[in-house]
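Right, one structure below, let's go through it.
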Number of protein chains: 2
Amino acid sequence: MSITSDILRGHTEAIILSHLLEHDSYGYQINKDIMKKTNNAYELKEATLYSAFRRLEQAGCIRTYWGDETVGARRRYYSITEKGRKAYADYKREWQEAREIIDQLLN
Amino acid sequence: MSITSDILRGHTEAIILSHLLEHDSYGYQINKDIMKKTNNAYELKEATLYSAFRRLEQAGCIRTYWGDETVGARRRYYSITEKGRKAYADYKREWQEAREIIDQLLN
DNA sequence: CCAATATACCTCATCTGTCAAGGTAAATAT
DNA sequence: ATATTTACCTTGACAGATGAGGTATATTGG
């Protein structure tokens, strides 16, 4: 990965929620999606991902259920809740505001 | 302040370097400048500021000297070094890259 | 004149998100 | 048979941000 973690810090939850807005998914898949979407410029570390899942679930932003795979490894799916949608909207607004501020400060 | 610290995290040093590119300055002034530039949307906390100064100095990105005020409180001035200019260029490139990545992921 | 506020510096302990390193288990490819 | 891929997870350590505290001088309002 080329982007340092401190710059991406704080965006993990928003990135996850954004993915779940499209459709339910599971950890491994979300991780692959992010790498693909960014042409391997950014890879969420597993530990980071799972700790974000825990925070999001505890906050009521996502719900989880086990997939009914009869073949292959079991998958724990995540789906976004109504609260999660609101949280995402907030995150996004915040990001847009922060982006402008930083652009302004980094002349 | 309206922006959460985790989103700004990692940008402190770049913000300071950017200010020092224009002219030497001191802690208190840099802080005020940032608030003004952002219409009070963002305020660097003092502890954050001074710990960033320490990191920057240790990394050789800035040099410090005491002002010769004969009146008022003493001021410790900071000036950017050649290494600091290079570091700033790197920070800025990184920011632009990160901005695109996040924009891509938060849709 | 005196109290409050502003200028200006600093430190320490704590908090939080990230991540390296480790683990489990099943399926598939070589 | 063995290596790789899919898929999950935990623990401890690290680093930047910050609340809370401190020092000292100058200015301003009542």
*With sequence neighbours excluded, residues passing side-chain contact (heavy atoms from CB on, under 4.5 Å) with A:K83*: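 Listed in chain order: A:T81.
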*asked:* If you compare every side-chain N and O of A:T48 against the phosphate oxygens of C:dG17 (OP1, OP2), does one of them come in below 4.0 Å?
replied: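 No, no such contact exists.
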*asked:* Is there a side-chain contact between A:T12 and the phosphate of C:dT18, meaning an N or O under 4.0 Å from OP1 or OP2?
replied: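 For C:dT18, OP1/OP2 do have a side-chain N/O of A:T12 under 4.0 Å.
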*Any side-chain heavy-atom pair from B:W66 and B:R75 closer than 4.5 angstrom?*
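No - every pair of side-chain heavy atoms lies 4.5 Å or more apart.
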*Would you check if A:K37 and B:I101 make a side-chain contact, meaning some heavy-atom pair closer than 4.5 Å?*
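No, every pair of side-chain atoms sits at 4.5 Å or beyond.
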Round to a whole Å and report the spacing from [atom1] of [X] to [atom2] of [N].
X     : N      : atom1 : atom2 : answer
A:L56 : C:dT18 : CG    : P     : 11 Å
A:H11 : D:dG16 : NE2   : P     : 17 Å
A:L8  : C:dT18 : CG    : C1'   : 11 Å
B:L49 : D:dA17 : CG    : P     : 11 Å

*List in chain and number order the residues that pass salt bridge (charged side-chain N to carboxylate O under 4.0 Å, His left out) with A:R55, two or more places apart in sequence or in another chain; answer none if no residue qualifies.*
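Scan of A:R55 (salt bridge (charged side-chain N to carboxylate O under 4.0 Å, His left out), adjacent residues dropped) gives A:E13.
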*When the ring planes of A:Y77 and A:Y26 are compared, do they come out parallel, tilted or perpendicular, using 30° and 60° as the limits?*
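A:Y77 vs A:Y26 ring planes: perpendicular.
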*When the ring planes of B:F53 and B:Y78 are compared, do they come out parallel, tilted or perpendicular, using 30° and 60° as the limits?*
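Rings of B:F53 and B:Y78: parallel, under 30°.
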I'd like a table of atom pairs between the protein and nucleotides 4-11 of chain D - only N or O on both sides, under 3.5 Å - with the distance next to each one.
residue: D:dT6; atom: OP2; partner: A:Y28; partner atom: OH; Å: 2.8
residue: D:dT6; atom: O5'; partner: A:Y28; partner atom: OH; Å: 3.4
residue: D:dA7; atom: OP1; partner: A:Y26; partner atom: OH; Å: 3.4
residue: D:dA7; atom: OP1; partner: A:R75; partner atom: NE; Å: 2.7
residue: D:dA7; atom: OP1; partner: A:R75; partner atom: NH2; Å: 2.5
residue: D:dA7; atom: OP2; partner: A:Y26; partner atom: OH; Å: 2.9
residue: D:dC8; atom: OP1; partner: A:R76; partner atom: N; Å: 3.2
residue: D:dC8; atom: OP1; partner: A:R76; partner atom: O; Å: 3.4
residue: D:dC8; atom: OP2; partner: A:Y28; partner atom: N; Å: 2.5
residue: D:dC8; atom: OP2; partner: A:Y50; partner atom: OH; Å: 3.3
residue: D:dC8; atom: O5'; partner: A:Y50; partner atom: OH; Å: 3.4
residue: D:dC8; atom: N4; partner: A:E46; partner atom: OE1; Å: 3.0
residue: D:dC9; atom: OP1; partner: A:R76; partner atom: NE; Å: 2.6
residue: D:dC9; atom: OP1; partner: A:R76; partner atom: NH2; Å: 3.3
residue: D:dC9; atom: N4; partner: A:E46; partner atom: OE1; Å: 2.7
residue: D:dT10; atom: OP2; partner: A:R54; partner atom: NH2; Å: 3.3

